[in-house]
Amino acid sequence: MAAVPWVALILSFVATIHNHIGLVEASADIGVCYGMLGDDLPAATEVVNLYKTNGIGNMRLFDPNPAALEALRGKEIDVSLGIQNEDLPQLAGSVDAVNSWFATNVEPYLNDIVFSYISVGNEVIPGSLGIYVLPVMESLQKILDDRNLAGIKVSTVVPGSALGVSFPPSSGEFTLEASSVMSGTVAFLAQRGSPLMINVYPYFAYASDPVNIRLDYAQFTATSPVVKDGELSYYNLFDAAVDSFLAAMEKVGGANVDVVVSESGWPSDGNGNFTTPELAGTYNRNFLKHITSRAGTPKRPGAYIEGYIFAMFNENQKPEGVEQHFGLFHPNMQPVYPVF
């Protein structure tokens with residue numbers, strides 16, 4: 001029994017060191033998004049244990065849910081923590097509000113949880129809330145700097161719709177609306193050495209145009225190049241999408257900014273033959289393999305790109321159709337299909 005406090009002390013030391021100076025390398029394991037839009041989901045303590053049982057080393061929280069944060073204390077799961085979109089206007093208008101948010105949702109956990117990222121908004125660029133992202137990022141960064149918390153990176157999450165041009169990948173470019181916000185955001189990321197968080201869903205591209213987008217290209221199963229872009233060859237749509245974002249950032253001064261794939265996945269139901277457990281399992285197993293292989297992309301070979309599968313559970317309070325069927329697990333914690 002005497003060993004238990006020492007274990008807790010060591011875990012606390014590891015979390016503290018990472019959050020302050022970032023010397024502890026982030027887990028190379030795959031991440032999974034922990035969405036909570038369901039009325040039949042298990043308790044947070046059970047969910048955290050499910051992450052541990054399946055060797056999932058990274059969790060993305062869309063908001064600072066207190067029960068989840070308490071359950072994560074000392075569990076050695078790296079956390080990407082989100083700020084809710086509806087909170088952005090108030091936070092952008094008040095440094096005190098940002099300080100209060102941090103004091104409530106991050107500071108109490110710093111000794112027990114490794115925070116990899118704080119994401120300011122989810123898919124608000126392009127959109128009316130996009131103008132609030134950079135001011136909140138700057139206020140948060142000052143808090144982190146003042147506390148010497150260099151291990152925590154500030155970013156925002158952008159969707160594929162932020163790109164006005166995505167093909168070929170080298171022509172990737174933000175939409176006019178997104179560019180007006182992304183130029184300042186990318187400059188901030190470049191200055192701080194922080195990545196842009198991007199949501200990448202080959203499923204939606206395939207399902208919207210199955211005549212021109214091959215299934216094997218969308219599922220990482222093509223055995224020969226499908227797209228040639230100059231000297232670069234693309235075997236899968238995921239790499240093409242990532243490289244389109246990299247090219248778009250280059251055009252607004254972010255040539256050295258990295259990306260984290262904050263969401264990717266494939267629904268197991270809700271759209272006929274496009275959404276089966278077999279297709280979802282194939283995509284997510286191959287996504288996991290691709291991320292953990294550290295193969296990078298044709299534009300950045302060998303680069304480690306962190307990735308999060310969306311999502312941990314099927315969530316019955318999301319819109320009907322495919323949105324309810326992205327989960328790796330049913331609410332009873334049984335797998336929808338094998339991945340790990």
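Heads up: numbering here begins at 1 and tracks the sequence. Everything numeric in this text was worked out from a predicted model, so none of it was measured.
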Does [X] use its side chain to pair, donor to acceptor, with the backbone of [Y] at less than 3.5 Å?
X      : Y      : value
Thr185 : Val181 : yes
Thr156 : Val120 : yes
Glu177 : Gly127 : yes
Gln219 : Leu279 : yes
Ser94  : Gln90  : no
Asn54  : Ile56  : no
Asp229 : Ser170 : yes
Asn49  : Thr45  : yes
Lys153 : Pro195 : no
Gln324 : Lys318 : yes

Between [X] and [Y], a side-chain donor and acceptor under 3.5 Å:
X      : Y      : result
Asn199 : Ser262 : yes
Asn271 : Tyr203 : yes
Asn122 : Asn85  : no
Tyr337 : Asn284 : yes
Tyr234 : Asp243 : yes

With a 4.5 Å limit on heavy-atom distance, are the side chains of [X] and [Y] in contact?
X      : Y      : result
Val261 : Phe287 : yes
Met197 : Val158 : no
Leu61  : Val79  : yes

### Message
Taking ring pair (Phe, Tyr, Trp, His ring centres under 6.0 Å) as the cut-off, I'd like each qualifying pair that reaches into residues 209-231, sequence neighbours left out, listed once.
### Response
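The answer is Phe220-Phe238, Phe220-Tyr283, Phe220-His290.
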### Query
What ring pair (Phe, Tyr, Trp, His ring centres under 6.0 Å) pairs are there with at least one residue in residues 159-190, not counting sequence neighbours?
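As it turns out, there is no ring pair (Phe, Tyr, Trp, His ring centres under 6.0 Å) pair with a partner in residues 159-190 once direct neighbours are skipped.
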### Query
Is it true that Val165 and Phe245 fall in one hydrophobic cluster, defined by side-chain heavy atoms closer than 4.5 Å?
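Hydrophobic grouping puts Val165 apart from Phe245.
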#### Entry: Transitive ILVMFWY side-chain link Leu215 to Tyr235, under 4.5 Å
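No, Leu215 does not connect to Tyr235 through the hydrophobic network.
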### Test: Arg300 and Asp258 ion pair at under 4.0 Å
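Counted as a salt bridge, because a side-chain N and a carboxylate O are separated by less than 4.0 Å.
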### Query
Is a salt bridge present between Arg192 and Asp145, judged by a nitrogen-to-oxygen distance below 4.0 Å?
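Asp145 and Arg192: salt-bridged.
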### Query
So, is the end of the Arg60 side chain (NZ or CZ) under 6.0 Å from the ring centre of Tyr308 and within 45° of the ring's axis?
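Geometry flag: not set, cation outside 6.0 Å or 45°.
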### Task
Can you measure from CD1 (Ile118) to CG (Asn105) and round to the nearest 0.5 angstrom?
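Here the rounded value is 9.0 Å.
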### Task
Kindly determine whether Ile30 and Phe340 satisfy side chain to side chain contact (heavy atoms under 4.5 Å, CB included), including the steps that lead there.
CA-CA 10 Å; Ile30 198 74; Phe340 304 106; 3.7 Å; yes
### Task
Report the residues that fulfil salt bridge (charged side-chain N to carboxylate O under 4.0 Å, His left out) with Lys299, sequence neighbours left out, ordered by chain and then residue number.
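Scan of Lys299 (salt bridge (charged side-chain N to carboxylate O under 4.0 Å, His left out), adjacent residues dropped) gives Glu250.
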### Query
Once the angle between the rings of Phe274 and Tyr206 is folded into 0 to 90°, is it parallel (under 30°), tilted (30 to 60°) or perpendicular (over 60°)?
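Perpendicular.
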